[in-house]
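See structure below.
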Protein chains: 2
Amino acid sequence: MMSTVAAKDMVKVARNICDKTGNRLTETRQHVLEVLFELDTPVSAYELTEHYNLLIDSPIKTMSIYRILDFLESIRLVHRLRSINKYIVCHHSVGACHHKTPFFLVCKSCHCIKDLEIATEFVTAFLQQVEEAGFLSVGSQMELSSLCKNCQQSLEPNSPGDIHD
Amino acid sequence: MMSTVAAKDMVKVARNICDKTGNRLTETRQHVLEVLFELDTPVSAYELTEHYNLLIDSPIKTMSIYRILDFLESIRLVHRLRSINKYIVCHHSVGACHHKTPFFLVCKSCHCIKDLEIATEFVTAFLQQVEEAGFLSVGSQMELSSLCKNCQQSLEPNSPGDIHD
DNA sequence: AGTGTTATGTTATATTGTATCATTAGTCGT
DNA sequence: ACGACTAATGATACAATATAACATAACACT
């Protein structure tokens with residue numbers, strides 16, 4: 001499998017994390033991470049399986065992909081975008097502070113995403129409210145179902161909900 | 001189908017909205033709304049189908065439930081919780097201002113939810129950032145994948161991601 | 001090497017959601 | 001009231017997403 005420089009960096013970070021946390025960065029896991037990195041767009045587990053099998057010699061099945069995605073998510077190298085059932089590598093992992101709380105704007109229509117950099121004090125204040133409510137933020141990410149500029153335009157006006165109130 | 005007072009209020013609001021927006025609150029749609037209201041907990045479309053068929057005489061299939069949920073969501077009487085693929089009635093609809101942006105804390109583990117009342121200025125500031133990024137918030141709701149108090153306790157410590165950084 | 005643990009392979013199945021076309025029920029103009 | 005149009009539902013099939021369960025392989029430790 002080819003590896004761009006950046007992909008190698010990603011793998012290096014992954015190896016570091018695994019070393020520190022007593023986990024194993026197996027060849028398969030590394031491959032999954034590399035494929036996801038090269039794709040660099042949200043993909044479903046099944047799409048990822050296809051790409052993996054195009055790029056990597058030894059074939060894999062989706063069951064294994066799911067397991068490895070779970071693992072990579074648990075060490076925070078992959079984000080699971082629950083609102084669209086897709087997965088993407090974490091871009092805050094390579095040579096950057098890892099303690100951000102990514103806020104993904106997810107286009108309901110075309111499934112493109114934007115990783116919004118929201119102000120720290122904003123996040124802090126917000127997480128405090130979460131804590132006060134007795135909840136613990138996990139997954140370290142938020143998603144907002146929205147529409148990107150393109151899809152806003154190609155949408156007809158006057159949806160049922162518009163005249164509300 | 002039995003109707004508590006509150007359920008009747010809900011239906012009244014629904015009828016109002018439909019009248020204003022030129023939509024029809026059919027018997028089936030009303031029934032779906034009532035069943036959802038009585039359940040008052042997030043349910044999947046299939047669970048809702050089951051409950052509907054227990055409570056209502058004329059049987060329904062999930063396909064129709066999905067269509068009606070779509071409709072009820074479009075007039076903002078139902079929230080679709082995408083992170084857990086479940087649906088719940090909107091509680092901001094009955095005799096209250098409807099322009100809130102609900103923020104649901106969704107427990108990853110037991111799927112209980114808490115509708116967090118976040119400060120208006122908070123939401124406003126946030127939505128401005130969304131707009132600046134060229135996105136339009138739709139669905140008028142946010143979800144945060146989290147853990148409720150109960151599930152926090154029953155979880156073992158030292159998950160793989162813990163020692164990160 | 002032997003043993004326990006973790007990761008993967010493999011098959012089957014559960015769960016969630018859509019496409020499509022037929023049928024029924026309203027709506028509107030005449 | 002009648003026909004024609006549109007909206008809503010019924011019904012069947014299927015696609016897409018995800019998990020369960022058990023077998024095998026790879027690693028880790030003594």
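Note on naming: letters A, B, ... go to the chains in the order of the sequence lines (proteins, then strands), and numbering restarts at 1 for each one. Being a predicted model, the structure only gives us computed values, none of them experimental.
Side-chain contact between L25(B) and N23(B): absent, with no pair of heavy atoms (C-beta onward) separated by less than 4.5 Å. Using a 4.5 Å heavy-atom cutoff, the side chains of V78(B) and I68(B) are not in contact. Using a 4.5 Å cut-off on side-chain heavy atoms (C-beta onward), D40(B) and H91(B) make contact.
Between C112(B) and F135(A), the shortest heavy-atom contact is SG-CZ, 4.1 Å.
With hydrogens and angles ignored, the 3.5 Å screen pairs a side-chain donor or acceptor of S146(B) with a backbone N or O of L144(B). Judged purely by atom type and a 3.5 angstrom limit, Q152(B) uses its side chain to pair as donor or acceptor with the backbone of G134(A).
Counting non-hydrogen atoms under 4.0 angstrom, R80(A) reaches the backbone sugars and phosphates but no base. Across all strands shown, T62(A) has no heavy atoms under 4.0 Å from either base or sugar-phosphate atoms.
For K114(B), there are no salt bridge (Lys or Arg N to Asp or Glu O under 4.0 Å) partners, not counting sequence neighbours.
Rounded to 10 degrees, the angle separating the terminal helix axes of the helix from dA1(C)-dT30(D) to dT30(C)-dA1(D), each built from five base pairs, is 30°.
One distance of note links CZ of R80(A) with CD of E143(A); it measures 9.5 Å at 0.5 Å rounding.
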Show me the donor-acceptor pairs, under 3.5 Å and distance only, between side chains in residues 48-60 of chain B and residues at least two apart or in other chains.
{"residue": "T49(B)", "atom": "OG1", "partner": "A45(B)", "partner atom": "O", "Å": "2.7"}
{"residue": "T49(B)", "atom": "OG1", "partner": "T62(B)", "partner atom": "OG1", "Å": "3.1"}
{"residue": "N53(B)", "atom": "OD1", "partner": "I60(B)", "partner atom": "N", "Å": "2.8"}
{"residue": "N53(B)", "atom": "ND2", "partner": "T49(B)", "partner atom": "O", "Å": "3.3"}
{"residue": "N53(B)", "atom": "ND2", "partner": "I60(B)", "partner atom": "O", "Å": "3.1"}

Result block: side-chain N/O donor-acceptor pairs under 3.5 angstrom for residues 120-128 of chain A, not counting sequence neighbours:
{"residue": "T124(A)", "atom": "OG1", "partner": "T120(A)", "partner atom": "O", "Å": "2.7"}
{"residue": "Q128(A)", "atom": "NE2", "partner": "E132(A)", "partner atom": "OE2", "Å": "3.2"}

Nucleotide-resolved protein contact map, nucleotides 4-13 of chain C, B/S/- at heavy-atom distance under 4.0 Å: --SSBBBB--
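The span of DNA chain D lying next to chain B, judged by atoms under 4.0 Å from heavy atoms, is bounded 5' to 3' by dA7(D) to dT12(D).
At whole-Å resolution of the value, CD1 in I84(B) and C1' in dG17(C) are 16 Å apart.
In this structure, N85(B) reaches the dG17(C) phosphate: one of its side-chain N or O atoms is under 4.0 Å from OP1 or OP2.
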